[in-house]
Amino acid sequence: MYTFSNRLKIASFILMAVGFIGIAIGFISAPSTIEESKAIVASSHDTHGDSHAVVDAAHAEHGEADAHGHDNGHDSAHDEHVLHQLQNKPWAALYVAAFFFMMIALGVLAFYAIQRAAQAGWSPLLFRVMEGITSYLVPGGIIVFVILLLSVLHFNHLFVWMDADVVAHDHLLQGKKGYLNPTFFLIRAAIFLAGWILYREYSRKLSIKQDESNDDSNFKLNFRISAAFLVFYLISESIMSWDWIMSVDPHWFSTLFGWYVFASMFVSGITVIAMVTIYLKSKGYLEDVNDSHIHDLAKFMFGISVFWTYLWFSQFMLIWYSNIPEEVTYYVTRIQDFRLPFFGMIVMNFLFPVLLLMNSDYKRVNWFVVMAGVVILAGHYLDIFNMIMPSTVGDQWFIGIPEIGSILFFAGLFIFWVFRALANAPLQPKRNPFIGESKHFHY
């Protein structure tokens, strides 16, 4: 039976406390007036040397045009837009981190359901690890839902289509009102979260009951509900990615987007399974887990990283090559204003794991897998960052106190919740029909 150590509890609480302070600083320092936002923008320009002179020249030229009688309405609209971007910054940082850690649990849930539905023989020793990680869906999902609810209540400007004034002057958004409306949006979110959490809780209950059962009825029922859940998951995950991520930029869409987000959450989830398993084994638990189990997890980390890259390139190449203005703008914005995180993400999510994990022997080296996992997780955080930030904060981005604080807070909450769940039941199933095969698995 795993014991949740006081040292790990204290570490998780420290992370949450430091992260909470960072989040609070981000919200407190956000501007409340256009004058404050102008001061922030001016100070950021001062750090760019000669670029400040260029901006001043541009402003002077624009002022000269105004002196000839041009309307200043465009300037005031731009100033208000910049104010909203700066006000969005702490909200966007919070949302990116909240979604990232929630999607790890959701990716693990998909992997768990696949193992159940496939009746895999190698993985039952890892089921309790997966069940522990998916326990985070409850607090993580609720937090994301609260952020979405606060967006509907206009506490932020993350989703532009929620602003009735914007929709009134946008024919494209008016055509999407049947789908993109706040009430239907929240109903869909509630259905998705309820479905994911109910499956996780019921499957976990059956898994625990199977240990004390005299037959395989609980195992067989778990197999059936897992197969059914995967159908719901594929539909709900795609729609969720449209709603919670793609709709922050409602003028753009991609038919590959659901799969793209799935690949990101799937590889992130598998990576965390590997890292938690290695940690528990280093503490003397999971004695029957061997190098072949770690090797298989690392194979998935390698393979899904390649799959993610295939989807990323397919989406990017088709849109970039066709050069349709309303589509290619999505990538132009990211290449111009987010060059470092945009291209850095590709290196971290493709080149690094491929070079490290291509060799079969390296997949059995624990510290090597952990090192690759840290880079993969950081890369996929940047992936979510690149999806959300350009449409919510524009070129007013940088990774500062709100972003780091949000990561620390949710990392602490994730560690606390997952390892608390791991301590609630034996780490090794007793009556799973394939537990013997899993114990003697060798590749």
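- Aromatic ring pairs are classed by plane angle as parallel below 30°, tilted from 30° to 60° and perpendicular above 60°; the pair W122 and F441 is tilted.
- The cationic atom of K89 (NZ for Lys, CZ for Arg) lies less than 6.0 Å from the six-membered ring centre of F398 and within 45° of the ring axis.
- Within 6.0 Å of OH on Y279 lie more than 12 heavy atoms contributed by other residues, nucleotides or ligands.
- Aromatic ring centroids of W242 and F257 lie 6.0 Å or more apart.
- Residue-environment remark: NZ (K209) stays at or below the threshold of 12 foreign heavy atoms within 6.0 Å.
- The aromatic ring centroids of F20 and F410 lie 6.0 Å or more from each other.
- Using a cut-off of 4.0 Å between Lys/Arg side-chain N and Asp/Glu carboxylate O, D216 and R431 are scored as salt-bridged.
- D383 and Y260 are linked by a side-chain donor-acceptor pair at a separation below 3.5 angstrom, with hydrogens and angles left out of the test.
- Ring-centre distance between Y331 and F316: below the 6.0 Å cut-off.
- For F266 and W259, the ring centers sit 6.0 Å or farther from each other.
- For the residue pair P90 and P402, the shortest heavy atom distance occurs at CA-CB, 4.2 Å.
- A cation-pi contact, defined as under 6.0 Å to the ring centre and within 45° of the axis, is absent between K9 and F416.
- In this structure, OH in Y381 is found 9.0 Å from CZ in F100, a value given to the nearest 0.5 Å.
- Closest approach of I388 to T392, counting heavy atoms only: O-OG1, 2.9 Å.
- For F350 and W308, the gap between ring centers reaches or exceeds 6.0 Å.
- Under a 3.5 Å cut-off, the side chain of K363 and the backbone N or O of L357 do form a donor-acceptor pair.
- Residues S203 and Y112 bring a donor and an acceptor atom of their side chains to less than 3.5 Å of each other.
- In this pair, W196 and Y233 present their aromatic rings tilted. The plane angle is within the 30 to 60° band.
- Taking the six-membered ring for Trp and the full ring otherwise, the centers of W252 and Y330 sit less than 6.0 Å from each other.
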* **Stepwise side chain to side chain contact (heavy atoms under 4.5 Å, CB included) check, D361 with V365** => CA-CA 7 Å; D361 292 336; V365 181; 6.0 Å; no
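- Classification of R200 and E131 as a salt-bridged pair fails, no side-chain N sitting under 4.0 Å from a carboxylate O.
- Between F111 and F300, the gap from one ring centroid to the other is short of 6.0 Å.
- Residue I401 qualifies as open at atom CD1: its count of foreign heavy atoms under 6.0 Å is 12 or below.
- In summary, the side chains of N349 and W312 do not present any donor paired with an acceptor at a separation below 3.5 Å, with no hydrogens or angles considered.
- When every heavy atom of N290 is checked against every heavy atom of H442, the shortest pair comes out as ND2-CE1, 3.8 Å.
- No donor-acceptor pair closer than 3.5 Å links the side chain of E201 to the backbone N or O of L198.
- We find the CE-OG distance between M301 and S268 to be 10.0 Å, quoted to the nearest 0.5 Å.
- In this structure, R188 satisfies the cation-pi test against Y179, with its NZ or CZ atom closer than 6.0 Å to the six-membered ring centre and inside 45 degrees of the ring normal.
- Checked against side-chain hydrogen bond (donor to acceptor under 3.5 Å, both in side chains), S360 has the following partners two or more places apart in sequence or in another chain: H295.
- Heavy-atom minimum distance, A98 versus I143: CB-CG2, 4.2 Å.
- Separating the NE2 atom in H293 from the CD1 atom in I273 is a distance of 12.5 Å, to the nearest 0.5 Å.
- Aromatic pair F27/W91: centroids less than 6.0 angstrom apart.
- Inspection of the Y199 and S226 side chains reveals an N or O donor paired with an N or O acceptor under 3.5 Å.
- Taking each heavy atom of N432 and Q210 in turn, the nearest pair found is N-CG, 4.4 Å.
- A pairwise comparison of heavy atoms in R128 and S207 identifies NH2-O, 3.1 Å as the closest pair.
- One finds the CD atom of Q315 at 8.0 Å from the OG1 atom of T255 (value rounded to the nearest 0.5 Å).
- Counting heavy-atom neighbours within 6.0 Å of F343 CZ, excluding the residue itself, gives a total above 12.
- The CD1 atom of I407 sits 10.5 Å away from the CD1 atom of I23 when rounded to the nearest 0.5 Å.
- Partners of Q428 under the side-chain hydrogen bond (donor to acceptor under 3.5 Å, both in side chains) rule, at least two apart in sequence or in another chain, are D288.
- The OG1 atom of T3 sits 13.0 Å away from the CZ atom of F419 when rounded to the nearest 0.5 Å.
- Counting only heavy atoms from C-beta outward, the side chains of L148 and Y95 approach each other to under 4.5 Å.
- Ring orientation note: the planes of F385 and W397 are nearly perpendicular, at an angle over 60° on the 30°/60° scale.
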